[in-house]
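One structure below.
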Amino acid sequence: MSPTPNADRRSLLLLDGHSLAYRAFYALPDTLRTQTGQLTNAVYGFTSMLIKMLGDRRPDAIAVAFDKGRDVARTAAFPEYKANRVSAPDEFRPQVDLIKQVLEALQIPIVEVPGVEADDVLATIAGQAIERGFHAYVVTGDRDAMQLVDEHLTVLYTLRGITEMAEMTPPAVQERYGVPPSAYVDLAALRGDNSDNLPGVPGVGDKTAAKLVNQFGDIDGIYAHLDEVSGKKVPAMLAEHEQQVRTNQRIMRLRRDVECECDLADLRFGEIDTEAVRALFGSLEFRALYDRFVEEVLGEQEEAAAAAFDRSPQRLEAGGLRAWLDGAAQPLAVVPIVVDRPPHATPVAIAVAAPDRDPASARLDDLDPADLDALAAVLADPTVAKVTHDLKTLDHAAAALGWVVSGVTLDTELGAYLLNPEQRTFDLERLALQYLQRSIAPQEEADDADQLTLDVGEDDPWEERALRAEATFELARHLDDQLEQRGQRDLNATVELPLAPVLARMERAGITLDLHVLDEIRDRLAARVEELEREVHDHAGRPFNIGSGPQLQAVLFDELGLPKTRRIKTGYSTDAQALKNLAGQHPIIEAIGEWRETSKLLTTYVDALPPLVDPETGRIHTTLSQTIAATGRLSSSNPNLQNIPVRREEGREIRRAFVPGEGFGQLLVADYSQIELRIMAHLSQDDGLLDAFASGEDIHATTAAKVFDLPLEAVDGALRDRAKAVNYGLAYGLTPFGLGQQLGIPPSEAVEIVDAYMARFPKVRQFLDAAVDQARRDGFTTTLFGRRRYLPDLLSDNRNRRQMAERMALNAPIQGTAADVIKLAMITLQHALDRSGLRTQLLLQVHDEVILEVPEDEFDAARDLVVTELSGVVDLAVPLEVDTAFGPTWFDAQKH
DNA sequence: CGCCTCACGTA
DNA sequence: CGTACGTGAGGCGG
């Protein structure tokens with residue numbers, strides 16, 4: 001039964017999604033679950049079968065059809081059609097969504113036509129494809145497909161399990177059913193189909209039906225010669241059930257003329273989103289299946305990648321780099337080896353790779369001036385396409401040599417982040433393993449003597465460095481494909497890549513700290529902490545470590561007998577919320593609260609910051625990370641300058657220590673006003689919210705007026721606070737419980753407020769619901785600029801995890817779009833500053849604000865530029881309002 | 001020493 | 001029992 005007659009035809013694989021998923025669901029045990037309890041037997045079975053199909057048959061084209069809605073035509077013709085069907089078990093439906101995610105990752109088209117069954121869709125597509133010279137393979141667990149079999153169409157019919165298939169060619173159908181495929185419908189009409197609620201002729205099974213069809217040709221023939229039918233009971237039953245037989249015949253015949261917008265060209269198979277597959281299989285815990293996928297489906301791609309890696313690394317000496325760079329094909333991979341961090345980051349070596357030569361590395365010390373000039377020229381040339389791993393570091397390396405970097409088209413770290421922002425680390429070794437299934441470390445045993453002699457007495461890892469450049473080159477090609485497939489190349493090219501050098505400059509700039517201010521604050525706070533410690537100990541009746549959870553719990557709940565609070569793993573909570581609930585019960589509570597606040601300020605800021613100040617410049621250089629936050633935000637560390645206190649006066653004082661550096665007059669803070677709420681207004685297009693912003697009035701008061709149905713003048717502080725809490729809470733997926741907690745009102749009242757809000761802003765609710773629905777279907781959320789966040793837990797059957805994922809799903813597009821906007825604004829602002837020749841420089845970004853230092857003579861120009869660039873960066877349905885404030889310290893540059 | 005939990009600072 | 005982070009302290013186990 002070899003398909004040799006069709007060897008010259010292209011192959012099309014057509015799968016009946018529902019039928020196969022259902023088979024798998026019942027064929028495989030319900031013990032196949034993820035750690036979170038999500039049942040995956042149908043997904044697993046389907047995917048396993050699919051991988052086998054793809055690996056064995058390597059189809060040129062592919063599609064999977066799913067039923068969508070009840071079958072309109074058949075139900076109209078025969079109302080009882082499938083009326084006996086019980087709805088699928090609860091644990092089946094979510095698996096269909098997961099299967100669709102698998103298909104999406106494999107870039108396999110899904111075809112659904114409302115009111116039409118998958119069979120008919122497949123029959124139609126198959127017919128069109130065969131006309132165009134394809135051989136079609138229809139994979140299904142539904143016998144009705146047998147009627148489609150002919151010399152250009154083979155049905156692969158599931159046997160026991162799901163990966164085992166019977167290959168039904170015309171002779172195979174003849175052998176199994178006793179009739180040729182063309183007579184299959186008549187046979188089935190006589191025999192009936194219990195699962196579709198189509199009764200057959202009593203007393204007529206497969207055998208008799210086949211005999212009748214063979215003897216008389218078809219159903220018309222049988223009824224024309226009823227008197228010739230042998231036996232007594234059979235002819236009588238045939239006569240009695242003629243109408244049902246005719247109905248069956250009509251219903252069982254598959255349509256081949258479905259209206260379906262499926263162009264054969266769109267069914268091409270081959271471009272697999274391997275990163276999405278990896279992420280999805282990971283979350284489904286399909287470890288072994290992933291390996292099979294790599295081996296059986298990606299096999300050929302992998303071999304190609306492996307071959308490319310087999311170049312031999314070179315070590316370059318004086319003159320070598322210039323020669324290597326001369327005429328090298330693009331893109332070049334350029335990977336610096338850098339020691340120390342900004343502002344002292346220093347390159348010590350460089351590794352390079354290109355499409356047309358062996359990868360190489362060199363210690364900068366070994367190179368001569370001509371080498372360095374050549375490298376500097378290549379780095380600065382925007383027309384020389386370059387890829388790297390960690391562009392921010394490359395920028396630091398170049399800056400250390402007084403060079404500029406231009407023309408970088410891909411950063412493997414940033415690219416991999418865009419593909420899966422949930423991933424926490426993007427070191428090159430990991431990415432190479434993840435995407436190329438390759439390890440970077442050179443082979444332990446060298447297979448030729450040359451290599452051994454070179455290694456003798458060497459601790460300079462030049463070979464590994466060259467391999468890193470090679471890996472970067474290969475990765476870049478792969479990641480670029482993946483970005484292209486997801487429509488994220490633009491986001492990469494216009495936001496993430498150009499942002500990296502902006503962040504690099506901010507890191508190098510640093511922000512000046514006035515240590516005298518911190519000294520004063522320290523004196524004050526330290527005295528207060530001591531005082532409070534004595535007070536707490538007095539109340540407790542003994543000294544103890546207030547900062548220790550267990551010790552504090554012992555004092556509060558055992559010794560002082562205060563009422564137990566919220567349960568936590570290690571006992572009972574003593575957090576600020578819990579202490580607030582105990583307020584007034586004992587004077588120790590207040591003292592503990594203040595001790596906590598004060599010692600937090602002291603240890604986290606006042607004591608922690610000074611050691612990080614660069615003694616030469618008096619500046620503190622945070623690290624701004626571009627690949628940490630899953631929503632697209634930046635993060636700041638060493639130290640974190642995005643959480644310097646501001647809300648309470650005591651903490652805000654710390655901002656007095658942040659001052660303009662020498663030669664600069666003031667700090668300038670520019671912040672977006674309610675950017676997330678404005679983005680929600682834009683994304684939801686809610687008229688009420690749009691109006692509220694258009695009016696230019698206080699947004700929280702305006703929404704309060706609408707929600708509580710009052711004139712604006714009648715809105716008091718409390719009502720405004722409630723509206724504000726809802727406004728901010730919405731984008732976090734707030735619950736009545738949470739809102740109630742925050743406002744100190746019962747959940748029932750919170751429900752009323754939320755309901756009133758939603759009634760007034762109906763499109764907001766629609767938008768939030770739609771965001772979650774969309775994410776459930778696609779498996780990821782998307783921002784206005786195409787940034788994605790994958791949320792497999794949306795289909796978890798663990799309620800907590802699912803609800804958490806739902807909150808993430810409605811927050812991610814909003815927080816993420818805000819992140820996109822300010823990133824883009826920082827880029828255009830930096831360019832505008834460069835063009836204008838101002839000395840004003842960006843220092844920090846705190847999610848919705850930027851902090852700059854401005855020379856005395858640039859105040860007006862800088863403010864104008866910042867406002868113009870930030871507010872004009874993108875055109876939304878609401879204005880982007882930007883507030884600015886100057887000050888001699890960060891404290892003073894805040895709005896009060 | 002690394003690692004976890006708790007707590008808490010910011011948007 | 002609203003999102004996103006990073007850090008410091010205590011305390012565990014090695």
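Please read these numbers as outputs of a predicted model, since none were measured by experiment.
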Touch class at under 4.0 angstrom, heavy-atom based, for A:Asn638 against every strand present: sugar-phosphate
Sugar-phosphate, base or nothing in reach of A:Ala812, heavy atoms under 4.0 Å: nothing
Touch class at under 4.0 angstrom, heavy-atom based, for A:Ala608 against every strand present: sugar-phosphate
For atom CG of A:Leu734 and atom P of C:dA4, their distance in whole Å: 15 Å
Atom-pair distance (CG on A:Leu602; P on C:dT7), nearest Å: 18 Å
Side chain to side chain contact (heavy atoms under 4.5 Å, CB included) involving A:Arg776 - partner list, sequence neighbours excluded: A:Val772, A:Asp773, A:Leu794, A:Leu795, A:Glu806
Donor-acceptor under 3.5 Å (A:Thr565 side chain, A:Ser573 main chain): yes
Rounded distance in Å - CZ (A:Arg787) to P (C:dT3): 20 Å
For A:Tyr790, all residues meeting ring-ring contact (aromatic ring centres under 6.0 Å, His included), sequence neighbours excluded: A:Phe780
Residues which pass side chain to side chain donor-acceptor pair (under 3.5 Å) with A:Asp755, listed by chain and number, not counting sequence neighbours: none
Centroid-centroid under 6.0 Å between A:Phe761 and A:Tyr757 rings: yes
A:Trp890 and A:Phe658 aromatic ring geometry - parallel, tilted or perpendicular at 30°/60° bounds: perpendicular
Euclidean distance, atom CD1 of residue A:Ile814 to atom C1' of C:dG2 [Å, nearest integer]: 11 Å
For atom CE of A:Met804 and atom C1' of C:dG2, their distance in whole Å: 9 Å
Would you tabulate the pairs of protein nitrogen or oxygen atoms and nucleotide nitrogen or oxygen atoms of nucleotides 9-11 of chain B closer than 3.5 angstrom?
unit_1 : atom_1 : unit_2   : atom_2 : d
B:dG9  : OP1    : A:Arg648 : NH2    : 3.3
B:dG9  : OP2    : A:Arg648 : NH2    : 3.4
B:dG9  : O4'    : A:Tyr605 : OH     : 3.4
B:dG9  : N2     : A:Asn643 : ND2    : 3.4
B:dG9  : N3     : A:Asn643 : ND2    : 3.0
B:dT10 : OP1    : A:Val646 : N      : 2.7
B:dT10 : OP1    : A:Arg647 : N      : 2.7
B:dA11 : O3'    : A:Val846 : O      : 3.3
B:dA11 : O3'    : A:Asp848 : N      : 3.2
B:dA11 : O3'    : A:Asp848 : OD1    : 2.7
B:dA11 : O3'    : A:Asp848 : OD2    : 3.2
B:dA11 : N7     : A:Arg647 : NH2    : 3.2
B:dA11 : N3     : A:Arg633 : NH1    : 3.0
B:dA11 : N3     : A:Arg633 : NH2    : 3.4

Protein-nucleotide distance (A:Ile675, atom CD1; C:dA4, atom P), rounded to Å: 18 Å
Partners passing side chain to side chain donor-acceptor pair (under 3.5 Å) against A:Gln585 (at least two apart in sequence or in another chain): none
Identified side chain to side chain contact (heavy atoms under 4.5 Å, CB included) counterpart of A:Leu844 within the set A:Thr622, A:Leu624, A:Leu634, A:Val850: A:Thr622
B:dT5 versus C:dC1 - spacing of their P atoms, nearest Å: 15 Å
Pairing residues for A:Asp769 by the side chain to side chain contact (heavy atoms under 4.5 Å, CB included) criterion, not counting sequence neighbours: A:Arg765
Non-neighbouring partners of A:Glu531 that pass salt bridge (charged side-chain N to carboxylate O under 4.0 Å, His left out), sequence neighbours left out: A:Arg528
A:Phe544 and A:His537 aromatic ring geometry - parallel, tilted or perpendicular at 30°/60° bounds: tilted
For A:Asn640, all residues meeting side chain to side chain donor-acceptor pair (under 3.5 Å), sequence neighbours excluded: none
Stacked cation flag A:Arg567 on A:Tyr572, 6.0 angstrom / 45 deg: yes
Sugar-phosphate only, base, or nothing, as touched by A:Ile628 at under 4.0 Å among non-hydrogen atoms: sugar-phosphate
Residue-level proximity of residues 562-594 of chain A to DNA chain B when a heavy atom falls under 4.0 Å: A:Ile568, A:Lys569, A:Thr570, A:Ser573, A:Thr574, A:Asp575, A:Ala576
Close approaches to DNA chain B from residues 742-756 of chain A, in residue order (heavy atom, under 4.0 Å): none
Whole-Å gap separating C1' (C:dG2) and CG (A:Leu791): 15 Å
Set of residues satisfying side chain to side chain donor-acceptor pair (under 3.5 Å) with respect to A:Thr574, sequence neighbours excluded: A:Arg596
Give me the distances for all protein-to-nucleotides 10-14 of chain C N/O pairs that come in under 3.5 Å?
unit_1 : atom_1 : unit_2   : atom_2 : d
C:dG10 : OP1    : A:Asn545 : ND2    : 2.8
C:dG10 : O3'    : A:Ser548 : OG     : 3.3
C:dG11 : OP1    : A:Ser548 : OG     : 2.5

